[in-house]
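The block underneath contains the structure these notes are about, expressed in structure tokens.
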Amino acid sequence: MSYARVLCVGLLGVTGHVVEVEADLSPGLPAVVLTGLPDTALHEARDRVRAAVVNSGNTWPNRRITVNLLPAALPKQGSAFDLAIAAAMLTSAGELPPAALDGVVLLGELGLDGAVRPVRGVLPMVAAAAAAGLRRVIVPLANAREATVVPGVTVEAVDTLRRLVGFLRDGGELLEPPPAGPVPAAPGYDLADVAGQEMGRYGLEVAAAGGHHLALFGPPGAGKTMLAERLPSILPELDDAAALEVTALHSIAGVLPPDGGLVRRPPYQAPHHTASAAALVGGGSGLARPGALSLAHRGVLFLDEAAEIPSATLQALRQPLEKGRVVLARARGTTVFPARVQLVLAANPCPCASPAGDQHCTCPPAVRRRYLAKLSGPLLDRIDIRLTLAPLSAAQLTTATAPATSSAEIAARVATARAAAAKRWADDGWRVNADVPGPVLRRAPWRLPVADTADLRESLDKGLLSARGFDRVLRLAWTIADLDGRDRPGRAEVSEAIQLRMGESHAL
């Protein structure tokens with residue numbers, strides 16, 4: 001037999017597509033021709049596969065070999081096709097039985113010695129195979145635990161090409177996926193460690209309960225970073241659907257934890273303020289890869305020293321914050337990554353960053369304005385909560401008082417508020433109040449009485465709020481009502497929401 005076909009999976013963003021790897025042997029000068037829009041790494045598979053086949057004790061067919069990847073119009077990238085290419089070539093050369101791999105998906109990179117190396121993106125690849133009705137996959141041993149996350153699929157593992165050939169030709173055994181390892185311990189951040197800053201703690205609780213974006217301004221040492229780092233500690237664990245989304249993204253980026261299980265805790269990303277736009281929102285040559293924004297999907301993206309980040313980089317966040325996804329167009333194709341995050345910005349009020357705040361600031365007014373101008377109006381308009389933190393006093397740091405409310409206690413209140421919101425919006429599929437479109441809150445049955453929104457309408461008419469800000473205040477009001485255990489917000493909740501939006505809130 002001079003023709004064979006083996007199944008593999010290619011990725012475009014987080015979307016997998018089943019790829020048929022065809023191999024055909026024909027008379028002519030010995031050569032390997034690879035077609036089907038392969039990238040550079042895939043072009044180099046010719047040399048990797050040849051060395052792996054020979055070093056595994058098999059005979060290399062001394063003929064013209066054509067390998068085609070179907071659908072041919074779909075861009076292919078990476079080294080996950082190596083194992084499928086080797087199996088297709090050996091089958092077409094008569095070294096392997098042709099029916100042995102019917103309906104089986106092969107994934108893996110080959111080393112020159114025939115070892116099967118792990119690859120990125122195995123989880124979304126296996127999920128795509130399952131969605132296409134395929135129920136059996138063979139993956140590298142290091143990826144096997146990750147692949148078992150997908151339900152309804154039989155996962156088998158290989159560590160060498162020699163083992164795969166022995167299994168297909170002689171009935172040898174494949175490897176079982178390793179058992180689940182211990183779950184990595186969560187970082188020991190607790191809101192009880194934060195001294196003072198009742199306003200900041202309250203803003204963090206509201207942000208967590210409703211999925212709202214948050215901006216923190218204040219002098220160095222006021223607690224901005226401490227608060228941001230503790231936001232994940234009060235967020236609920238991810239449900240199955242969200243955990244699969246997050247784990248798939250981390251699999252593509254190659255940052256899954258060693259246990260290879262589902263990522264259950266909301267992710268936390270805090271890129272350095274010198275990070276490029278590509279590192280933040282995603283990019284790269286060829287087909288783009290996810291950036292910190294997508295790796296924080298369903299979690300927290302913290303941008304410390306936000307005023308030091310280049311303005312163009314910050315502006316790249318505007319569309320993703322509004323749409324919940326990143327669309328990256330490149331010459332080889334367009335890639336879409338989910339990016340529904342809670343953004344937390346932190347910035348000093350001026351370049352001198354006096355620890356005492358405005359009292360000892362040496363910056364002229366023009367310098368202060370220019371420093372914060374990088375946080376443009378359109379970007380800040382997408383931030384629901386804006387808080388200015390005051391410097392801490394010696395008494396707040398040194399006086400022995402009753403312990404502050406812990407993350408566990410606040411997390412319980414957040415979970416109750418989120419459950420109320422999820423029940424309210426269950427028919428529409430929205431998870432938190434921040435997901436609800438503004439027009440929904442402005443029409444029956446969710447429109448608030450005119451008397452309760454009088455202050456909000458006045459702020460809009462005076463130009464203190466934009467139309468987008470109007471809707472975001474309504475979402476905040478619903479979140480505050482959920483935290484208070486109320487069915488609907490009243491005038492007090494709307495007023496508190498306006499103060500949070502304007503940066504003037506004070507928690508009791």
Side-chain angles (χ1 to χ4, degrees), residues 4 6-11 16 18-19 21 45 48-49 51-58 78-91 95-130 132 134-184 244 247-248 250-252 254-263:
V6 175
L7 298 178
C8 191
V9 178
L11 287 177
V18 176
V19 173
V21 180
R48 290 195 301 272
V49 170
V53 168
V54 173
N55 290 330
S56 297
N58 300 285
S79 57
F81 298 90
D82 288 6
L83 193 60
I85 292 174
M89 291 172 60
L90 290 172
T91 303
E95 296 284 330
L96 299 177
L101 289 174
D102 286 349
V104 180
V105 174
L106 292 182
L107 302 171
E109 175 185 320
L110 287 175
L112 299 184
D113 59 350
V116 180
R117 312 286 186 182
V119 294
R120 296 180 177 184
V122 163
L123 174 58
M125 290 178 184
V126 175
L134 302 169
R135 291 293 176 261
R136 188 180 176 198
V137 298
I138 299 176
V139 301
L141 180 60
N143 294 127
R145 171 60 188 157
E146 172 188 347
T148 59
V149 168
V150 181
V153 177
T154 300
V155 177
E156 296 169 294
V158 290
D159 54 354
T160 63
L161 179 60
R162 187 187 299 270
R163 184 183 296 276
L164 178 66
V165 171
F167 166 73
L168 297 175
R169 186 164 57 196
D170 305 322
E173 293 186 355
L174 297 182
L175 301 174
E176 292 292 327
V183 178
L244 277 171
T247 308
H250 287 211
S251 174
I252 292 170
V255 295
L256 270 185
D259 72 305
L262 283 176
V263 176

Point to revise | Side-chain donor or acceptor of Ser251 paired with backbone N/O of Val122 under 3.5 Å | key: yes

Study note, to complete from the structure: Rounding to 0.5 Å, atoms CG (Leu106) and CZ (Phe81) come to a distance of 12.0 Å

Exercise for review: Carefully, step by step, assess Val49 and Met89 under the rule side chain to side chain contact (heavy atoms under 4.5 Å, CB included).
Suggested key: CA-CA 9 Å; Val49 170; Met89 291 172 60; 4.0 Å; yes

**Study point:** Any donor-acceptor pair under 3.5 Å from Asn55 side chain to Ala51 backbone
**Key:** yes

Review point. Between Asp113 (side chain) and Ala52 (backbone), is there a donor-acceptor pair under 3.5 Å?
Key: no

**Study point:** Exam field: side chain Asn58 to backbone Glu95, donor-acceptor pair closer than 3.5 Å
**Key:** no

Check your understanding: Nearest 0.5 Å, what's the CG-CG distance between Asp159 and Leu164?
Key -> 10.5 Å

Check your understanding: With a 4.5 Å heavy-atom cut-off, do Val9 and Val19 have their side chains touching?
Key -> no

Check your understanding: Which distance, rounded to the nearest 0.5 Å, do you find between the CG of Leu110 and the OG of Ser56?
Key -> 7.5 Å

Revision key, fill the gap. d(Met125 CE, Glu146 CD) to nearest 0.5 Å is 9.5 Å

Check your understanding: Is any side-chain heavy atom of Val149 less than 4.5 Å from a side-chain heavy atom of Thr247?
Key -> no

Check your understanding: Sub-3.5 Å donor-acceptor pair from the side chain of Ser79 to the main-chain atoms of Glu109, do we have one?
Key -> no

Point to revise | For the student: nearest non-hydrogen atoms of Val18 and Ala128, plus distance | key: CG2-O, 4.3 Å

Review point. Is a donor on one side and an acceptor on the other found under 3.5 Å between the side chain of Thr148 and the backbone of Arg145?
Key: yes

Check your understanding: With a 4.5 Å heavy-atom cut-off, do Val137 and Leu107 have their side chains touching?
Key -> no

Check your understanding: If you look at every heavy atom in Thr160 and Val116, which pair is closest and at what distance?
Key -> C-CG2, 3.6 Å

Practice item. Specify the closest pair of heavy atoms between Leu96 and Ala87, including all atoms of both residues, with the distance to one decimal. Key: CD1-O, 4.0 Å

Point to revise | Beyond-backbone contact of Leu141 with Pro178, side-chain heavy atoms, under 4.5 angstrom | key: yes

Check your understanding: Of the non-hydrogen atoms in Pro98 and Thr91, which two are nearest, and what is the gap between them?
Key -> CA-CG2, 3.7 Å

Exercise for review: Please confirm whether the backbone N or O of Pro97 pairs with a side-chain atom of Arg169, one donor and one acceptor, at under 3.5 Å?
Suggested key: no

Review point. Does the side chain of Val104 come within less than 4.5 Å of Ile138's, by heavy atoms?
Key: yes

Check your understanding: Can you find a pair of side-chain heavy atoms, one from Leu175 and one from Val158, that are under 4.5 Å apart?
Key -> no

Study note, to complete from the structure: Looking only at heavy atoms, the pair that brings Val21 and Ala84 closest together is CG2-CB, 4.0 Å

Check your understanding: Where is the tightest heavy-atom contact between Ile252 and Pro124, given as atom of each residue plus distance?
Key -> CG1-CG, 3.9 Å

Review point. Is any side-chain heavy atom of Leu161 less than 4.5 Å from a side-chain heavy atom of Leu83?
Key: yes

